[in-house]
Amino acid sequence: MPDLNALLIFARVAETGSFSEAARRTGMPISTVSRRIAELEDQLGVRLFERSTRSLRLTDVGAEILEQAQRSAEISEAVESIASNRLSEVRGALRLSAPPNISDNLLAPLIGSFQTAYPAVEVQVLITDRHVDHISEGVDLALRLGPLSDSNLISRPMLRYRHRLVASPSYLERKSPPLHPRDLQEHRILAFAYWSQQHRWTFERGDERETVSFRPKLTMNDFTGLAALLAAGGGIGELPPIVAPALVADGRLVEVMPQWRFRTLDLLIVHLGNRHISRPVRLFKDFALQMAPTLVGELPV
């Protein structure tokens with residue numbers, strides 16, 4: 001895994017277009033900046049810059065890596081800003097509830113970054129799809145897909161996104177891609193579900209709305225498992241964009257019927273009233289609202 005400091009130096013060089021200016025801004029010797037970039041290129045096995053005596057230009061792969069390096073820089077700066085205010089001395093316990101399937105790409109890195117800034121805070125996480133009772137179960141904060149039905153709870157939107165209908169290129173080579181929701185009846189559908197006998201999806205296209213009922217070839221109450229089956233060519237299914245995003249980014253899954261869309265959802269951070277909220281809870285809430293969009297990047301809405 002690339003060294004975070006090396007990525008931050010790379011981002012500074014790319015942003016300034018100069019080793020000397022990057023060295024000045026980071027307070028490092030030019031030789032150190034140059035060496036760290038060379039080491040990063042060796043580690044990644046790619047050339048990040050095209051160099052000449054008069055110019056410095058990002059390669060194509062360097063431009064792709066820069067986006068990730070800039071996100072790493074934003075996270076690092078946020079953590080350092082918090083630590084510099086001596087908030088790392090905060091102590092206490094934090095009990096979270098969150099739905100399945102967001103652990104890998106959102107919850108785990110979010111908690112990891114938070115505990116880097118606040119190492120004395122103990123975090124307990126309950127992963128469940130049900131709506132928890134904040135009082136009887138002692139849950140401080142819950143991540144939940146909105147809207148809320150309980151008016152006694154306070155919520156703030158953390159992320160907004162829509163699920164996508166996806167399939168692998170290999171599956172779409174065997175079966176003609178659907179153009180309209182009713183065409184899905186001719187396809188193998190893999191669906192997220194519990195022991196439900198009723199399966200339907202509702203799609204929107206502008207002012208149009210279309211609901212289709214179907215009998216899936218496979219159901220599973222785990223989007224991560226469904227993502228692997230879909231990537232293996234098992235059929236067509238829906239996925240949240242925060243589950244296995246690399247499969248779409250790498251082209252192993254592609255969006256099907258992109259003009260017909262699922263409705264947009266809000267991932268909320270929810271808690272009881274503000275009067276007696278503890279310091280660790282308040283800090284994690286603010287931290288999550290700030291950092292979640294940076295961690296997951298741009299999402300489809």
Could you tabulate the donor-acceptor pairs under 3.5 Å formed by side-chain atoms of residues 101-112, not counting sequence neighbours?
residue : atom : partner : partner atom : Å
N101    : OD1  : F223    : N            : 2.8
N101    : OD1  : T224    : N            : 3.4
N105    : ND2  : I242    : O            : 3.2

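Taking the six-membered ring for Trp and the full ring otherwise, the centers of F192 and H163 sit at least 6.0 Å from each other. Centroid-to-centroid, the aromatic rings of F284 and Y118 stay 6.0 Å apart or farther.
Looking at L66, V13, L40 one by one, the single match for side-chain contact (heavy atoms from CB on, under 4.5 Å) with L48 turns out to be L40.
Put simply, V270 and I135 are part of the same group of oily side chains (I, L, V, M, F, W, Y) that touch within less than 4.5 Å, one to the next. Cluster annotation: L247 and M257 are assigned to distinct hydrophobic clusters (Ile/Leu/Val/Met/Phe/Trp/Tyr, side-chain heavy-atom contacts under 4.5 Å, transitive). When the side chains of ILVMFWY residues are joined at heavy-atom separations under 4.5 Å, either directly or via intervening members, V281 and F287 end up in a single hydrophobic cluster.
A salt bridge does not link E298 with R160: every distance from a Lys NZ or Arg NE/NH1/NH2 to an Asp or Glu carboxylate oxygen is 4.0 Å or more. E41 has no carboxylate O lying under 4.0 Å from a charged side-chain N of R36, or vice versa, which leaves the two without a salt bridge. The pair D140-R95 fails the salt-bridge criterion, with no side-chain N (NZ, NE, NH1 or NH2) lying under 4.0 Å from an Asp/Glu carboxylate O.
Taking each heavy atom of E186 and K175 in turn, the nearest pair found is O-NZ, 2.8 Å.
Between F214 and W201, the ring planes lie tilted relative to each other; the angle falls in the 30° to 60° range.
To the nearest 0.5 angstrom, E204 atom CD is 11.0 Å from F262 atom CZ.
For the side-chain contact (heavy atoms from CB on, under 4.5 Å) test, residues two or more places apart in sequence or in another chain that qualify with R162 are R164, E255, R261, T264, P300.
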